[in-house]
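To start, the structure itself, in structure tokens.
Protein chains get the first letters and strands the later ones, always in sequence-line order, with residue 1 at the start of each. Only a predicted model underlies this, so the values are computations on that prediction, with no experimental measurement involved.
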Protein chains: 2
Amino acid sequence: MSDAALWSALADPHRRAIVALLLAGPRPVGEITEACGLSQPSTSKHLKVLREAGLVRVRQDAQRRVYALDPAPIAALDAWLAPYRRLWNSSLDTLGRRLDATSDDTPHPAPPED
Amino acid sequence: MSDAALWSALADPHRRAIVALLLAGPRPVGEITEACGLSQPSTSKHLKVLREAGLVRVRQDAQRRVYALDPAPIAALDAWLAPYRRLWNSSLDTLGRRLDATSDDTPHPAPPED
DNA sequence: CAGTTATATGCCTGTCAAGGAATAAAGACG
DNA sequence: CGTCTTTATTCCTTGACAGGCATATAACTG
């Protein structure tokens, strides 16, 4: 529940690396271990945290356990920062100029899309 | 710099509370202290972390220090989760949780794309 | 200047999380 | 059944961090 688990899970750089790796597709623990340069027990522990935060799901394949990303909690993150997104959108607008112009929202659809 | 500072700053619930409070507008330390039910030194320390993560800026007003949200780092967060957002958008599509059987050499071809 | 308000810092302590080594558990396979 | 493989768990140690208290710093006031 608590996005507390979500935040603290993603607070760790190794865990973010795992999540980023799983973005490319499901992986068994061994591959995650190697790709992230972690020890096997460490990987298992991190995966446990991610699992309990709901960020990953496991599928068992023989002795292997294939971990896959569950994007739902990240959607929660997205929801969390939604209010802030509005804020920085407007602050991009009024970068150096503070015009108390008319309340006519200038629809400035110039997305600096990179 | 490193979003490491950003993540670890936001990992703390009190700090998230402060950030959420500042979303409504700039506040001096005293108000933040009271609104979040923190002690004054604790508030100052949290604000220091937020400051070093670039999440807040200070403006000095007599003896008071008015803290305001800086939305830029949150934009970085948004950029971070952009790839995942695509993922959960598409997973909304495939509601019926189909776990792909990528065991041996499943070529993993065309998704049923209806 | 002394005194007062508002905020920041230092020190100390308890707590919690991470990493490493060893080991357990579960499945495959001769 | 014994063994190998893959992953999870336990124990232990260490380091980081938050909280509380006292105190320092800065700015205003008289």
Counting side-chain heavy atoms from C-beta on, which of C/dA21, D/dT7, C/dG27 comes nearest to A/P41?
-> C/dA21
Nearest listed nucleotide, side chain of A/R64, among C/dA6, C/dA18, D/dT7 | D/dT7
Return no unless some side-chain N or O of B/Y67 is found under 4.0 Å from OP1 or OP2 of C/dA8.
-> yes
For DNA chain D, whose closest nucleotide is more 5', that of B/V49 or that of B/Q40?
-> B/V49
Between D/dA8, C/dG20, C/dG19, spot the one nearest the side chain of A/V29, thanks.
-> D/dA8
To the nearest Å, how far apart are B/D12 CG and C/dA17 C1'?
-> 14 Å
Euclidean distance, atom CD of residue A/Q63 to atom C1' of D/dT6 [Å, nearest integer] = 6 Å
Whole-Å gap separating P (C/dT5) and CD (B/E31) = 18 Å
Atom pairs, N/O to N/O, protein against nucleotides 11-16 of chain C, distance under 3.5 Å?
none

Of all heavy-atom pairs between B/R57 and B/L69, which one has the smallest distance, and what is that distance?
-> NH2-O, 4.3 Å
Mapping A/R65 and B/L47 onto DNA chain C by nearest heavy atom, which one lands closer to the 5' end?
-> B/L47
Taking every heavy atom of A/L55 against every heavy atom of A/A9, the minimum-distance pair comes out as CD1-CB, 4.1 Å
Roughly, in whole Å, what's the span from CZ in A/R59 to P in C/dG27?
-> 16 Å
What closest approach, in Å, do B/T43 and B/L38 show between heavy atoms, and which atom pair accounts for it?
-> OG1-CB, 3.4 Å
Treating Ile, Leu, Val, Met, Phe, Trp and Tyr as nodes and any side-chain heavy-atom pair under 4.5 angstrom as an edge, say whether A/L81 and B/L21 lie in one connected cluster.
-> yes
Starting at CG of A/L38 and ending at C1' of C/dA21, how long is that distance when rounded to a whole Å?
-> 16 Å
Check whether any side-chain N or O of B/R51 sits under 3.5 Å from a backbone N or O of B/V58 as a donor-acceptor pair, and report yes or no.
-> no
Could you give the CH2-to-P distance, from A/W7 to C/dA17, as a whole number of Å?
-> 18 Å
To the nearest angstrom, how far is B/I32 atom CD1 from C/dT7 atom P?
-> 9 Å
Just say parallel, tilted or perpendicular for the rings of A/W7 and A/W80, cut-offs at 30° and 60°.
-> perpendicular
Should the heavy atoms of other residues, nucleotides or ligands under 6.0 Å from CZ of A/R16 be counted, would the total exceed 12?
-> yes
B/H46 side chain near D/dC17 phosphate (N/O to OP1/OP2, under 4.0 Å) | no
With a 3.5 Å cut-off and just heavy-atom distances, do the side chain of A/Q60 and the base of C/dA26 make a donor-acceptor pair?
-> no
Could you tell me the separation between the CZ atom of A/R27 and the P atom of D/dT7, rounded to a whole number of Å?
-> 13 Å
Side chain of B/S42 (C-beta onward), nearest among C/dT9, D/dG19, C/dT7 | D/dG19
